[in-house]
Amino acid sequence: MADKNFQLHDQVEMKKPHACQTNLWEIIRMGMDIKIKCVKCDQIVMMPRREFTRKMRRVVVHHED
Ligand SMILES: [Zn+2]
């Protein structure tokens, strides 16, 4: 089962790659909505937490506190 325990500044892979062909995003805000930034082109996408959990495939890099 994929690791879906995510936290701020983790880098995650989504089920659908970004238009720039990159599939690595950094979580830059967490709350009712999740804000993620494409690590390649810096585009920012915001979506409700429930939607994010559904669209996220796995955590690639865990942020160390
Ligand atoms: Zn991108």
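First listed ligand is number 1; within each ligand, the first listed atom is number 1.
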Within a distance under 2.8 Å of the Zn ion (ligand 1), the protein atoms of type N, O or S are H18 ND1, C20 SG, C38 SG, C41 SG
Is it true that I36 and V39 fall in one hydrophobic cluster, defined by side-chain heavy atoms closer than 4.5 Å?
no
N/O donor-acceptor pairs under 3.5 Å from side chains in residues 44-53, not counting sequence neighbours:
{"residue": "R49", "atom": "NE", "partner": "G31", "partner atom": "O", "Å": "3.3"}
{"residue": "E51", "atom": "OE2", "partner": "K55", "partner atom": "NZ", "Å": "2.6"}
{"residue": "T53", "atom": "OG1", "partner": "R49", "partner atom": "O", "Å": "2.8"}

What is the distance from atom CE of M30 to atom CZ of F6, rounded to the nearest 0.5 Å?
5.0 Å
Can you measure from CD (Q11) to CZ (R58) and round to the nearest 0.5 angstrom?
11.5 Å
Is the backbone of H63 close enough, under 3.5 Å, to the side chain of D10 for a donor and an acceptor to pair up by distance?
yes
Sequence neighbours excluded and cut-off under 3.5 Å, please list the side-chain donor-acceptor pairs for residues 15-29, or say none.
{"residue": "K15", "atom": "NZ", "partner": "R54", "partner atom": "O", "Å": "2.8"}
{"residue": "H18", "atom": "NE2", "partner": "Q43", "partner atom": "OE1", "Å": "3.4"}
{"residue": "N23", "atom": "OD1", "partner": "M14", "partner atom": "N", "Å": "2.8"}
{"residue": "N23", "atom": "ND2", "partner": "M14", "partner atom": "O", "Å": "2.8"}
{"residue": "E26", "atom": "OE2", "partner": "H9", "partner atom": "ND1", "Å": "3.0"}

